[in-house]
Amino acid sequence: MTPADGGAPGAAAPRPRPGRVLMTADAHGGVWTSALELAAALSRAGVATVLAALGGPLSPAAREAAAAIPGLELAESDHRLEWMDDPWDDVAAAGDWLLSLEARTQPDLVHLNGYCHAALPFRAPRVVVAHSCVLSWWRAVHRRPAPVRYDRYRARVAEGLRAAEAVVAPSASMLRSLAGDYGALGVGRGHVIPHARDRRRFAPAAKEAFVFAAGRLWDEGKNLAALEKVAPRLAWPVLVAGSDVAPGGVGRRTGESLCSLGWMSEGELAWWMGRAAIYAFPARYEPFGMSILEAGLSGCALVLGDLPSLREVWRDAAVYVPADDPGALAGALDQLIRDAARRDALGALARRRAVRFSPRAMARRYLDVYAVALAARPHLPRRGSPPPSPTPCGTPCE
């Protein structure tokens with residue numbers, strides 16, 4: 001760990017700051033995107049990342065994106081993830097792998113985009129980031145508590161949360177959900193840091209007459225199936241991008257009323273979002289919504305599921321509909337299709353709101369949380385390790 005540049009004589013000691021972070025990430029989806037965006041922003045702030053990919057294999061495009069980040073070391077595994085069915089042998093094997101990575105790479109801090117592995121005996125302090133969880137997903141989708149078969153998951157997640165020096169969620173709604181499901185986090189341990197996207201990757205183009213959506217078609221929380229019910233009523237076509245194959249190979253095909261475009265690269269997704277006049281995401285469950293942020297940057301008029309988390313993030317820059325009310329969804333989409341002025345105004349509002357979620361601001365807030373974690377549990381040097389270098393960490397986060 002290296003200190004930041006000092007201030008004037010007699011000033012307070014600089015806050016601790018990591019020189020290298022070991023970060024875990026799911027190999028696919030929004031968690032991977034968020035991890036890369038943060039790693040790139042940390043790199044610009046002089047912090048190197050060892051990115052441990054779980055649930056692989058990675059696509060060639062994912063490896064290429066990771067390789068483009070200066071100072072990032074990529075490590076891959078195919079261990080199944082803690083939210084999958086009966087994953088515990090894989091979770092244990094992944095834990096051994098992560099401990100060996102820590103021993104080899106000597107990070108100053110461990111950033112876990114998951115829960116269970118925070119209970120491992122890492123030498124470095126641990127920050128857990130709560131992107132979502134099975135218990136809150138189940139309650140939102142099925143309108144009842146998760147069944148007893150998830151009791152082990154509940155216990156392991158609670159254990160990880162207790163062990164972490166700091167816990168981060170992308171919305172206050174998600175942080176409250178964690179406290180309700182797994183117990184209070186304690187004073188000063190919970191933090192809200194929204195996700196971010198580089199505005200240069202997604203931008204408005206000339207808008208065309210179609211409704212667009214993107215997400216995992218098999219995920220009932222995304223509720224993209226609701227678009228199948230309303231698409232025949234709309235004057236515009238509804239186009240959907242995303243994988244229809246769940247972990248384990250179980251697929252869900254879209255009906256004839258939707259035009260399924262399949263999985264897309266980031267560049268392809270940006271092309272379609274830039275041209276989409278409306279982005280529809282009638283989610284039952286979404287702690288933040290990375291694809292919504294990308295659509296907002298693309299200047300789409302947003303029609304979203306009426307969730308506290310999405311209202312928190314988007315405020316007046318979206319139209320909200322009850323997730324299980326096809327009539328309300330059809331009505332909201334039809335109104336925007338007919339009203340070009342309202343559609344354009346909403347797209348502009350979404351763009352202005354989206355650019356506030358910048359990678360630089362996200363990295364700055366993570367560095368603040370890392371400082372809290374480092375102060376709470378200073379890094380324990382390994383036997384035979386040289387003392388930390390006193391040199392500055394590099395370019396500060398603006």
Side-chain angles (χ1 to χ4, degrees), residues 21-40 42 49-67 69 72-95 97-98 101 110-118 120 126-137 153 156-157 160-161 164 167-170 174 178 193 195-197 214-222 242-250 263-266 269 285-291 293-294 362 366:
V21 172
L22 171 59
M23 184 186 301
T24 65
D26 297 8
H28 309 282
V31 176
W32 177 256
T33 301
S34 175
L36 284 185
E37 199 74 77
L38 177 57
L42 290 174
T49 300
V50 179
L51 187 58
L54 298 160
L58 291 172
S59 68
R63 291 192 188 95
E64 183 179 351
I69 298 174
L72 185 144
E73 176 185 340
L74 179 63
E76 297 184 49
S77 80
D78 59 359
H79 300 301
R80 297 170 71 242
L81 303 166
E82 60 195 29
W83 54 266
M84 296 177 178
D85 289 336
D86 195 23
W88 303 114
D89 288 345
D90 279 81
V91 169
W97 177 65
L98 290 172
L101 269 180
V110 178
H111 172 130
L112 296 149
N113 286 303
Y115 303 103
C116 299
H117 292 131
L120 292 171
R126 297 142 297 180
V127 172
V128 163
V129 182
H131 295 266
S132 62
C133 87
V134 171
L135 301 191
S136 54
W137 178 93
Y153 173 89
R156 294 291 299 274
V157 170
L161 289 170
V167 176
V168 174
M174 185 63 202
L178 282 183
I193 304 179
H195 297 317
R197 286 298 261 147
R216 299 185 296 265
L217 300 177
W218 50 267
D219 186 345
E220 295 174 86
K222 306 301 183 190
S243 172
D244 57 9
V245 180
V250 178
W263 180 87
M264 289 185 178
S265 68
E266 180 182 292
L269 191 63
Y285 178 76
E286 185 51 79
F288 181 83
M290 188 66 80
S291 73
L293 178 56
E294 293 165 347
M362 175 178 64
Y366 267 105

Residues in side chain to side chain donor-acceptor pair (under 3.5 Å) contact with Ser34, at least two apart in sequence or another chain: His195
Does any non-hydrogen side-chain atom of Leu36 lie less than 4.5 Å from one of Leu51? yes
Step by step, would you call Lys222 with Ser291 a side-chain contact (heavy atoms from CB on, under 4.5 Å)? CA-CA 11 Å; Lys222 306 301 183 190; Ser291 73; over 6 Å; no
Looking only at heavy atoms, which two atoms of Tyr115 and Ala130 are closest? And how far apart? OH-CB, 3.1 Å
Between Val91 and His79, does a side-chain contact (heavy atoms from CB on, under 4.5 Å) hold up when you go through it step by step? CA-CA 7 Å; Val91 169; His79 300 301; over 6 Å; no
Taken to the nearest 0.5 Å, the spacing of Asp90 CG from Leu54 CG works out to 10.0 Å
Is the His111-Tyr366 ring centre distance short of 6.0 angstrom? yes
Heavy-atom donor-acceptor pair, Thr49 side chain to Leu42 backbone, under 3.5 Å: no
Determine whether Glu76 and Arg63 make a side-chain contact, defined as any pair of heavy atoms from C-beta on separated by less than 4.5 Å. yes
Of the non-hydrogen atoms in Ala35 and Ala25, which two are nearest, and what is the gap between them? CB-CB, 3.7 Å
Separation between CD (Glu286) and CE (Met290), nearest 0.5 Å, reads 9.5 Å
N/O donor-acceptor pair under 3.5 Å between Asn113 side chain and Thr24 backbone: yes
For a side-chain contact (heavy atoms from CB on, under 4.5 Å) check, start with the C-alpha distance between Leu120 and His117, then their side-chain angles and the critical distance, and finish with the verdict. CA-CA 5 Å; Leu120 292 171; His117 292 131; 3.8 Å; yes
Closest non-hydrogen atoms of Leu58 and Ala27, given as atom of the first, atom of the second and distance, are CD2-O, 3.5 Å
What closest approach, in Å, do Gly55 and Leu81 show between heavy atoms, and which atom pair accounts for it? N-CD2, 4.0 Å
Considering non-hydrogen atoms only, spot the tightest contact between Gly242 and Leu217 and give its length. O-CD1, 4.0 Å
Taking the side chain as C-beta and beyond, is there a heavy-atom pair between Phe288 and His131 under 4.5 Å? no
Salt bridge (Lys or Arg N to Asp or Glu O under 4.0 Å), that's the test. Do Arg156 and Glu82 meet it? Break it down for me. CA-CA 9 Å; Arg156 294 291 299 274; Glu82 60 195 29; over 6 Å; no
Verdict with supporting geometry, Asp26 and Trp32, side-chain contact (heavy atoms from CB on, under 4.5 Å): CA-CA 6 Å; Asp26 297 8; Trp32 177 256; 5.6 Å; no
Rounding to 0.5 Å, atoms CH2 (Trp88) and CZ (Arg80) come to a distance of 10.5 Å
Would you say the side chain of Val127 lies within less than 4.5 Å of the side chain of Val110, judging by non-hydrogen atoms? no
Less than 4.5 Å apart, side chain to side chain, heavy atoms only: is that true for Val21 and Val50? no
Is it the case that the side chains of Ser136 and Tyr285 hold a donor-acceptor pair, with the cut-off being a distance below 3.5 Å and no angle test? yes
Heavy-atom nearest pair, Gly160 first then Val128, reads O-CG2, 4.4 Å
Side chain to side chain, Leu38 and Met362, heavy atoms closer than 4.5 Å: yes
When you compare the side chain of Cys133 with that of Met174, does any pair of heavy atoms fall below 4.5 Å? yes
